[in-house]
Amino acid sequence: TVVTGAVLFAALLSSVNVLVQSFGKSNAQRREKMTTLHLFSSSRSVPPELQTKLLEYADADWSWNRGLDPYQVLSYLPSHLRGDIVLSVYEDSLVHTPLFASVSTECAKTLLLRLHAQLCLPKEVLISKHDGVESLYILVRGALQVAPSAPTSGAPTRLRVMEKPGAFVGFCDASKAYAGRYPVWVSATKLTHMMVIARADFADVLDVFYEDADALTKLVATEHRMMVESLKVEVAADSPLGLMQSQQERVDAAPEKIDEMKQRVSHMEAELRGCVADMKEIRSHADCLPRILELLRPLEGAAINGGAAE
């Protein structure tokens, strides 16, 4: 019994020692990172208020990822295995959301492999109005507020709150060479975790999985259009959304124009039929001219003879 107790105590002590060492190593890495940021801030003369925000973001990022970059950790693995792992990692948070559920499994894996983590602290601006947005921000946890006015200008009269995992904001069309200026403000109402994909990476994935491109492009554009319409904001005519709206207006107006063209064609056909009928009538009259001339010749001869006799 004494021997068994001693063995169990030794095993417990060993486990505690390993746990303490790992905890100490993690804290040492965190302290090293914070020290690096302090040195950076002091050497670059970063203002104190910005330095505070920098450290807050670093601390929040450490709490989320524990200093690990999952894509760097998985970089030595074959791409197919990496895809399977990230698919399982985001199974409960992103995989079944509309953005990823609307495409094939291989396309979803490739999109997930292009993502990187992004944090936004409470009351911080993620996207400011008129920013040139080159990324798509996909919500994992937290809440985002979308409004026509800046969050510092008081309570907005119109706003949209996004809290559901998988909701996204950002560019509206990956196929355009110019992203256009963003028409609204996007800010976090609490600590928000997101995954981000650059527009160039998004376009590259669509080029490879072209069979999924239409559904994915339409989903992103529709979500952006619905957001803008719900907030009743104006968009520049030369922006991607403005161009899409103009194109949609032309598409919506097409049936009316087609009906108008059909009416014009019907009117022209009626006029043409009238012209054909008139030409037939003229032709029938013209066919009678030789007979009329034959009937008039005796009268013409009699008239000539009567004139000679006089």
Side-chain angles (χ1 to χ4, degrees), residues 57 60-120 126-127 132-144 146 162-180 182 186 188 191-227 240-241 244:
Y57 269 101
D61 179 69
W62 188 273
S63 299
W64 186 16
N65 295 313
R66 300 297 178 185
L68 297 175
D69 182 354
Y71 298 99
Q72 184 178 0
V73 172
L74 301 176
S75 60
Y76 70 96
L77 297 176
S79 59
H80 184 74
L81 180 57
R82 289 203 310 270
D84 288 340
I85 292 175
V86 296
L87 196 66
S88 65
V89 168
Y90 296 109
E91 176 73 23
D92 297 330
S93 57
L94 294 179
V95 172
H96 299 294
T97 60
L99 188 64
F100 296 94
S102 62
V103 298
S104 62
T105 302
E106 293 304 317
C107 181
K109 288 181 183 179
T110 307
L111 285 171
L112 290 170
L113 287 171
R114 299 293 186 100
L115 298 176
H116 66 271
Q118 174 76 58
L119 285 169
C120 194
L126 177 66
I127 304 173
V133 180
E134 294 287 342
S135 300
L136 195 69
Y137 300 87
I138 307 167
L139 184 65
V140 177
R141 185 168 62 250
L144 294 173
V146 186
M162 305 171 66
E163 295 181 308
K164 189 175 181 180
F168 54 87
V169 293
F171 61 77
C172 64
D173 189 356
S175 64
K176 302 296 182 183
Y178 171 60
Y182 213 62
V186 183
L191 179 61
T192 301
H193 301 105
M194 295 164 287
M195 301 303 292
V196 184
I197 184 169
R199 192 162 61 95
D201 290 337
F202 194 84
D204 289 343
V205 174
L206 295 188
D207 287 340
V208 175
F209 298 93
Y210 54 88
E211 65 277 9
D212 295 312
D214 288 342
L216 205 53
T217 301
K218 184 177 180 180
L219 176 64
V220 172
T222 301
E223 178 65 23
H224 186 82
R225 178 175 54 80
M226 289 174 60
M227 176 193 69
L241 182 59
M244 284 191 293

Val205 to Cys107 - nearest heavy-atom pair and separation
CG1-SG, 4.0 Å
Shortest non-hydrogen contact from Tyr76 to Val73?
CE2-O, 3.1 Å
Minimal non-hydrogen separation, Gln118 against Trp64, with atom names
O-CZ3, 3.8 Å
Find the distance between CG (Leu99) and CG (Leu111) and round it off to the nearest 0.5 Å.
6.5 Å
How many angstroms lie between atom CZ of Arg141 and atom CE of Met195, to the nearest 0.5 angstrom?
11.5 Å
Less than 4.5 Å apart, side chain to side chain, heavy atoms only: is that true for Val103 and Phe209?
no
Please find the pair of heavy atoms, one from Gly170 and one from His224, that lie closest to each other, and give the distance.
O-ND1, 3.7 Å
For Leu87 and Val95, the nearest pair of non-hydrogen atoms, with its separation, is O-CG2, 3.5 Å
Worked check of side-chain contact (heavy atoms from CB on, under 4.5 Å) between Lys109 and Asp84
CA-CA 7 Å; Lys109 288 181 183 179; Asp84 288 340; 2.4 Å; yes
For the CZ atom of Phe168 and the CD atom of Glu223, what is their distance to the nearest 0.5 Å?
5.0 Å
Rounding to 0.5 Å, atoms CE (Met162) and OG1 (Thr192) come to a distance of 10.5 Å
Given Ser102, which of Thr97, Leu219, Asp212 fulfils the side-chain contact (heavy atoms from CB on, under 4.5 Å) condition?
Leu219
Side-chain contact, heavy-atom cut-off 4.5 Å: Tyr137 with Leu144?
no
Can you tell if the side chain of Val208 reaches within under 4.5 Å of the side chain of Asp204, non-hydrogen atoms only?
no
Rounded to the nearest 0.5 Å, what separation is found between the CG atom of Leu136 and the CE atom of Met194?
11.5 Å
So Phe202 and Phe171, would you call those rings parallel, tilted or perpendicular, with 30° and 60° as cut-offs?
perpendicular
How close do Ser79 and Leu113 get, counting heavy atoms only, and between which atoms?
O-CD1, 4.1 Å
Using 0.5 Å steps for rounding, measure from the CZ atom of Arg82 to the OG1 atom of Thr110.
10.0 Å
I'd like to know whether the aromatic ring centres of Phe100 and Tyr90 sit less than 6.0 Å apart in this structure.
no
